[in-house]
Amino acid sequence: MMRRALLSLVTKTSLTGNIAGQTARLATQQVEPSRMEKTLNEVTLLGRVGGEPQKRGTEEHPVVIFSLATHTNYKYDTGEFVQRTDWHRICVFKPTLRDTVYTYLKKGQRVYVSGRLTYGEIKDEAGNPRTTTAIVADDVIFFQSDSS
């Protein structure tokens, strides 16, 4: 699809024959198998902290975890407004950010989190596997707390 659009653009544009030929060749080339394909896994959230941050992990691999609530507002056909709350598990591994979050982030505080979505598996008390979903934070921006 993109190849057709690019070729169409090349034929409609008044380019010199040399440039148009190079563009058409680039559009039809296959990606070399040895090259890594670019992908995107990006999450941005703005919400309120659900509880005090907790230290987890090991000494070699420490992590700070906190929950974050985001809301979706919508209206039923009856005119009734509803607010749905989604809870997100945020994991902070970066050393400086981890320490800052653990020291200064408080329950109820409004924060902006950017990071990536991860999936994992843990075993519950009975030894049964359970899937987990979390956001690994690359950045956490604190908003001024309501209690000044």
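- Between Lys94 and Asp138, the closest side-chain pair of non-hydrogen atoms falls below 4.5 Å.
- Val101 and Pro53 make their closest contact through O-CG, 3.6 Å (heavy atoms, listed as atom of the first residue, atom of the second, distance).
- Closest non-hydrogen pair, Glu59 versus Pro62, comes out as O-CD, 3.5 Å.
- The hydrophobic clustering, which links ILVMFWY residues whose side-chain heavy atoms are closer than 4.5 Å, places Val113 and Phe143 apart.
- Side-chain contact between Arg110 and Leu46: present, with at least one pair of heavy atoms (C-beta onward) separated by less than 4.5 Å.
- For Tyr76, the OH atom sits in a loose shell: 12 or fewer heavy atoms of surrounding residues, nucleotides or ligands are nearer than 6.0 Å.
- A donor-acceptor pair under 3.5 Å is formed between the side chain of Asn41 and the backbone N or O of Leu117.
- Remark: Leu40 CG to Glu42 CD distance equals 5.0 Å, nearest 0.5 Å.
- Between atom CZ of residue Phe66 and atom NE2 of residue His88 there is a gap of 11.0 Å, rounded to the nearest 0.5 Å.
- In this structure, Glu52 and Leu105 approach most closely via the heavy-atom pair OE1-O, 3.7 Å.
- Note that the OG1 atom of Thr131 and the CD atom of Glu121 stand 7.5 Å from one another [nearest 0.5 Å].
- Between Leu68 and Val49, the closest heavy-atom pair is CD1-N, 3.9 Å.
- Distance alone, capped at 3.5 Å, is enough to place a donor-acceptor pair between the Arg98 side chain and the Phe93 backbone.
- No continuous path of hydrophobic side-chain contacts links Val63 to Val43 [ILVMFWY only; heavy atoms under 4.5 Å].
- The side-chain heavy atoms of Asn73 and Phe81, taken from C-beta on, include no pair separated by under 4.5 Å.
- Linking Ile, Leu, Val, Met, Phe, Trp and Tyr whenever their side-chain heavy atoms come within less than 4.5 Å puts Ile135 and Tyr119 in one cluster.
- Transitive grouping of hydrophobic side chains (ILVMFWY, heavy atoms separated by less than 4.5 Å) keeps Trp87 and Ile65 in distinct clusters.
- Pairing each heavy atom of Ala137 with each of Val92, the nearest pair is CB-CG2, 4.1 Å.
- Side-chain atoms of Thr118 come within 3.5 Å of backbone atoms of Ala134 as a donor-acceptor pair (strictly under, hydrogens ignored).
- Here the rule is side-chain contact (heavy atoms from CB on, under 4.5 Å) with Val140, and of Thr100, Leu45, Val111 only Val111 fits it.
- Looking at heavy atoms from C-beta onward, Thr44 lies in side-chain contact with Tyr112 at the 4.5 angstrom threshold.
- In terms of heavy-atom proximity, Thr70 sits nearest to Gly47 at CG2-CA, 4.4 Å.
- Panel note: side chain Arg48, backbone Gly108; a donor-acceptor pair is recorded below 3.5 Å.
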